[in-house]
J.: 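Sharing a structure below in structure tokens format, with a few things to ask.
The residues of the chain are indexed from 1 along the displayed sequence.
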Amino acid sequence: MEKYTYPDPPSDRALPIANAGWPIILAAGFTTLLMAILDYKVLALLLYVFTMFSCYFFRDPDRLAPEEENAVVSPADGKVLFVNVVDSNPFIEGRALKISIFMSVFNVHVNRNPMNGTVKRIIYNPGKFFRANLDKASQENEHNAVVLDCNGREICYVQIAGLVARRILCGIKPGDEVVKGERFGMIRFGSRLDVYLPVGFDPCVLPGDKVFAGSTVIGNMP
């Protein structure tokens with residue numbers, strides 16, 4: 001039977017919220033209260049809806065990650081858009097298996113490390129803001145790529161901004177040791193994650209599949 005573990009300490013809160021969400025939630029809540037006191041009822045109602053949506057959007061549930069050493073987990077919640085070998089990419093040398101995952105505004109947006117390893121480099125590139133489900137978004141949109149050394153094998157996972165998503169957060173740096181399923185960042189308000197894996201990687205997801213960050217196994221390293 002597959003063994004699972006918590007990569008991060010479980011939250012002691014009934015409604016876990018990502019730290020990046022609190023400034024927005026508190027500001028929206030305060031403005032809602034102020035508009036209600038001033039008797040701007042319609043505006044207060046709209047702001048109340050936005051505050052509730054922000055609580056929903058920034059939710060950060062605990063996840064169990066498989067302990068199996070070669071299992072690679074999804075770095076994001078969402079729908080698989082693409083699974084195929086690409087001849088080249090800007091992040092790791094040679095051919096690679098690319099898996100793209102699209103996050104809508106209704107998905108959890110906290111991103112998690114797909115494998116144990118050492119952060120080799122981080123490549124940030126400012127860019128455009130096309131819709132994240134378009135093919136050209138992978139290279140032309142603003143993105144942040146993490147290249148991970150997994151016992152001598154390189155993998156890469158890329159946070160990609162979208163049409164609405166304009167804020168990429170990444171909390172790791174080169175040299176950090178990371179744990180599979182551990183939180184490392186998020187993208188605000190919908191976007192996409194691309195994963196580049198060695199040729200020979202055995203995927204177990206297909207386009208259209210729904211995946212969950214830190215817990216859904218997307219395949220096994222060769």
Side-chain angles (χ1 to χ4, degrees), residues 57 63 65 71-115 117 121-148 150 153-170 172 178 180-181 183-222:
F57 177 84
R63 295 284 169 80
V72 180
V73 298
S74 174
D77 282 28
K79 184 173 73 172
V80 177
L81 293 178
F82 180 89
V83 181
N84 212 338
V85 173
V86 292
D87 291 329
S88 63
N89 65 85
F91 312 111
I92 57 177
E93 292 185 4
R95 302 170 73 233
L97 178 73
K98 177 181 177 182
I99 299 176
S100 298
I101 301 160
F102 175 71
M103 298 183 293
S104 77
V105 293
F106 301 107
N107 293 124
V108 172
H109 274 62
V110 175
N111 304 142
R112 295 173 178 266
N113 298 302
M115 282 285 284
R121 57 187 178 275
I122 293 181
I123 307 161
Y124 172 76
N125 183 55
K128 301 176 182 178
F129 297 96
F130 295 115
R131 285 187 294 124
N133 59 341
L134 299 177
D135 290 340
K136 61 183 177 181
S138 287
Q139 295 187 23
E140 295 189 32
N141 278 22
E142 177 182 0
H143 58 262
N144 185 72
V146 179
V147 179
L148 198 66
C150 306
R153 296 173 293 183
E154 281 191 357
I155 71 169
C156 179
Y157 38 112
V158 189
Q159 298 169 288
I160 302 169
L163 182 65
V164 178
R166 300 296 177 104
R167 187 76 170 99
I168 295 174
L169 304 176
C170 180
I172 54 179
V178 300
K180 174 165 47 185
R183 300 169 175 90
F184 80 89
M186 73 178 302
I187 313 173
R188 289 181 185 167
F189 300 111
S191 199
R192 170 177 176 163
L193 263 287
D194 286 347
V195 188
Y196 294 89
L197 299 153
V199 173
F201 176 84
D202 181 24
C204 58
V205 290
L206 296 170
D209 287 352
K210 292 182 178 180
V211 292
F212 298 92
S215 59
T216 301
V217 176
I218 59 175
N220 295 281
M221 291 285 278

J.: Show your reasoning for whether side chain to side chain contact (heavy atoms under 4.5 Å, CB included) applies to Phe184 and Cys170.
T.: CA-CA 6 Å; Phe184 80 89; Cys170 180; 4.1 Å; yes
J.: From Phe82 CZ over to Leu206 CG, what is the distance, rounded to the nearest 0.5 angstrom?
T.: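 One finds 13.0 Å between CZ of Phe82 and CG of Leu206.
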J.: Within the distance-only criterion (no hydrogens, no angle test), does the side chain of Asp202 pair as donor or acceptor with the backbone N or O of Gly219 below 3.5 angstrom?
T.: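 Side chain of Asp202 to backbone of Gly219, a donor-acceptor pair under 3.5 Å: no, none is there.
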J.: Compare all side-chain heavy atoms of Ile218 with those of Pro203 and state whether any distance is below 4.5 angstrom.
T.: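 No - every pair of side-chain heavy atoms lies 4.5 Å or more apart.
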J.: Determine whether Met115 and Ile155 make a side-chain contact, defined as any pair of heavy atoms from C-beta on separated by less than 4.5 Å.
T.: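 Answer yes - side chains close enough.
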J.: Test Met186 against Met103 for side chain to side chain contact (heavy atoms under 4.5 Å, CB included), laying out the working first.
T.: CA-CA 11 Å; Met186 73 178 302; Met103 298 183 293; over 6 Å; no
J.: First locate atom CG of Leu193, then atom CG of Leu81, and finally report the distance between them rounded to the nearest 0.5 Å.
T.: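 Interatomic distance, Leu193 CG to Leu81 CG, rounded to 0.5 Å: 11.0 Å.
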J.: Run the salt bridge (charged side-chain N to carboxylate O under 4.0 Å, His left out) test against Arg153 and tell me which residues pass, sequence neighbours left out.
T.: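 Scan of Arg153 (salt bridge (charged side-chain N to carboxylate O under 4.0 Å, His left out), adjacent residues dropped) gives none.
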J.: Any idea which heavy atoms bring Ile187 and Gln159 closest together, and the distance?
T.: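 For Ile187 versus Gln159, the nearest heavy atoms are CD1-CB, 3.7 Å.
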J.: Specify the closest pair of heavy atoms between Val110 and Ala213, including all atoms of both residues, with the distance to one decimal.
T.: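 Answer, listing the atom of Val110 first, then Ala213: O-CB, 3.9 Å.
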J.: Nearest heavy-atom pair of Ala161 and Ile168: which atoms, and what distance?
T.: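 Closest approach of Ala161 to Ile168, heavy atoms only: N-CD1, 3.9 Å.
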J.: Treating Arg63 as the side-chain partner and Gly181 as the backbone partner, does any N or O pair qualify as donor plus acceptor under 3.5 Å?
T.: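 No; judged by distance alone, with no hydrogens or angles, the pair does not exist.
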J.: Just wondering, do Asn113 and Ile172 contact through their side chains at under 4.5 Å, heavy atoms?
T.: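 Counting from C-beta outward, Ile172 and Asn113 do come under 4.5 Å.
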J.: Would you check if the side chain of Lys180 reaches a backbone N or O of Ala71 as a donor-acceptor pair within less than 3.5 Å?
T.: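 At least one qualifying donor-acceptor pair exists.
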J.: Rounded to the nearest 0.5 Å, what separates atom CG in Leu148 from atom CZ in Arg121?
T.: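 Output value for this atom pair is 11.0 Å.
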J.: Could you report the tightest heavy-atom contact between Ile92 and Ala96, atom names first, then the distance?
T.: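 Scanning both residues completely, I find the closest heavy atoms to be CD1-CB, 4.2 Å.
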J.: So, for Val80 and Val211, which heavy atoms are closest and what is the spacing to 0.1 Å?
T.: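 Val80 and Val211 have their closest heavy atoms at CG2-CG1, 3.9 Å.
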J.: Got a second to check how far Leu97's CG is from Asn84's CG, nearest 0.5 Å?
T.: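 Those atoms lie 7.5 Å apart.
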J.: Closest heavy-atom contact between Ile101 and Pro75?
T.: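 Heavy-atom minimum between the residues: CD1-CD, 3.9 Å.
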J.: Rounded to the nearest 0.5 Å, what separates atom CG in Leu169 from atom CG in Asn144?
T.: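 So the gap between those two atoms works out to 9.5 Å.
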J.: Under a 4.5 Å cut-off applied to non-hydrogen side-chain atoms, are Asn111 and Tyr157 in contact?
T.: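 Side-chain contact under 4.5 Å: no.
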J.: Assign the ring pair Phe91 / Tyr196 to parallel, tilted or perpendicular, where the plane angle (0 to 90°) is split at 30° and 60°.
T.: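 Correct class here is tilted.
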J.: Taking atom CZ of Arg192 and atom OG of Ser104, what is their separation to the nearest 0.5 Å?
T.: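 OG of Ser104 is found 14.5 Å from CZ of Arg192.
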